[in-house]
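Residue numbering restarts at 1 for every chain, and letters A, B, ... go by the order of the sequence lines.
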2 protein chains.
Amino acid sequence: MVKDEVGDWREGRRRSAREAIVEAAWAAVRGEGLAGLTMRDLARRAGVTPPTLYAYFESKHDIYDAMFGQAAAEFTAVITAPYPTDDPREILITGARRFVEFCATDPPRYQLLFQRTIPGFEPSPESYAPAVEALASSHRRLALNGVTAPRHQDMWTALVTGLVDQQISNDPGGERWTRLVEEMVDMFLAHCAPAPRSTTRKASPRQKGTRS
Amino acid sequence: MVKDEVGDWREGRRRSAREAIVEAAWAAVRGEGLAGLTMRDLARRAGVTPPTLYAYFESKHDIYDAMFGQAAAEFTAVITAPYPTDDPREILITGARRFVEFCATDPPRYQLLFQRTIPGFEPSPESYAPAVEALASSHRRLALNGVTAPRHQDMWTALVTGLVDQQISNDPGGERWTRLVEEMVDMFLAHCAPAPRSTTRKASPRQKGTRS
DNA sequence: GTCTATAGCTGGATAGAC
DNA sequence: GTCTATCCAGCTATAGAC
């Protein structure tokens, strides 16, 4: 599995250069918008000239794909990180909070990952796989709370993406909607969970384990 | 502002030509995407040449603004049309259904009206006014159901836009999320509405998928 | 691998004849 | 008002020297 030393070294150099370009690309889209990425601007930010970019990427779409893959990996890492509790409700809340904050803190990343607004761009299957896994993990956390109906899974995705959507559109950088996660979860569980638990209206700590 | 007959006639001609161009612009964005609108393509669709467009609009943004104003007026008309019931819950459901269907049946229109994705485009105040009024009317329908807390108004907007978002992104042309409106409303009211009045339909148990 | 230079294209917008 | 013709800016991508 070990290549010769020079090969490894070159491979490492190449990868770090790619990563530097991708990093510059993220800075670019955060400043100019996702669709506003241009090879000229990216080259300038990366400290090279446009043709050099084509030594590392085949096309502009190839750069978007690398960004997509990186973002998808970050997303998976955030969502699948250990949950510091065994309480199903707490797990669901934590998962939702992670999702909403991950999306709301970086709108271009959200736009690239979950909204398809780049004309002609489709992520490669390798890049796309983590996102699918993350959705499945979301369904697992719902199942922990007794929510398994596809209809309710759809309501759940609408609920959390609605929070993200409003936060990004109407209060960028703030927390006007992100802070509503816990109350939304309680509302959702009160309606969709099979054995209704006692819930208090406000965000006060409550006793755990009333459900099982 | 010439008021003589010839002036009126010319004004009428000018307006109808403008409307024809705007109509062609809608056809264009439905085919090519909102950001994919080009003056060349628009001119071709409208049966004229690009310079002619500038006889009716000052710029491409000016065309977007005309589209925005038209869409906002349509939106207001749909939302404020008479509600064929006095029941607060039915009114809320109807309003939400109108909103979700209005948005989901025409994604570019939704994108132009409610998401700000055209770089550098801001609607003129005249065009923007109807949308503000529509939001206020939404708050009035919530108030009919006893929901007045800003926090709950925000939850409401997140809820309905989440349905729209998922419907457009994951099932365009279908009704996988739009059909969830009624159940979402019941979930929302169960959580946010004040103690149910004894005279209301709260007595009838909520059941899924049942139309009144 | 990185550069200079440029091809080849498409975009918004305009000049000026009619 | 509408046209032909065009300007000029910006884009992706490539050729070829080093």
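- Within 4.0 Å (heavy atoms only), L37(B) reaches sugar-phosphate atoms of the nucleic acid but no base atom.
- One atom, OH of Y54(A), and another, P of dG16(D), lie 18 Å apart when rounded to the nearest Å.
- Using the six-membered ring where Trp is involved, F188(B) and H152(B) have ring planes that are perpendicular, over 60° apart on the 30 and 60° scheme.
- Across dT2(D), dA5(D), dA15(D), the shortest atom-to-atom separation from the side chain of P51(B) is found for dA5(D).
- Evaluation of atom-type donor-acceptor distances gives a pair under 3.5 Å for the side chain of R40(B) against the base of dG11(C).
- In this structure, E32(B) places its CD atom 14 Å from C1' of dT10(C), rounding to the nearest Å.
- With rounding to whole Å, L42(A) atom CG is found 12 Å from dA13(D) atom P.
- Residues A25(B) and I63(B) share a closest heavy-atom pair of CB-CG2, 4.2 Å.
- With Y128(B) contributing its side chain and F68(B) its backbone, the two residues share no donor-acceptor pair below 3.5 Å.
- Rounding to the nearest 0.5 Å gives a distance of 8.0 Å between OH of Y83(A) and CD1 of I91(A).
- When rounded to the nearest whole Å, the span between CZ of R18(B) and P of dG1(D) equals 12 Å.
- Nearest nucleotide to the side chain of A55(A), out of dC3(C), dA13(C), dT2(C): dT2(C).
- Nucleotide dA15(D) holds its C1' atom 17 Å from the CG atom of L53(A), rounded to whole Å.
- For F75(A) and F99(A), the ring centers are positioned less than 6.0 Å apart.
- Atom-to-atom, OH of Y64(A) to C1' of dC11(D) comes out at 12 Å; the value is rounded to the nearest Å.
- dT2(C) atom P lies 8 Å from atom CD1 of I21(A), rounded to whole Å.
- One finds no side-chain N or O of T52(A) lying less than 4.0 angstrom from the OP1 or OP2 phosphate oxygen of dG1(C).
- For R44(B) and dG12(C), the CZ to C1' distance is 17 Å, given to the nearest whole Å.
- Candidate nucleotides dT2(C), dC3(C), dT12(D) were compared by shortest atom distance to the side chain of K60(A), and dT12(D) ranks first.
- Base contact: T49(B) has a heavy atom under 4.0 Å from a base atom.
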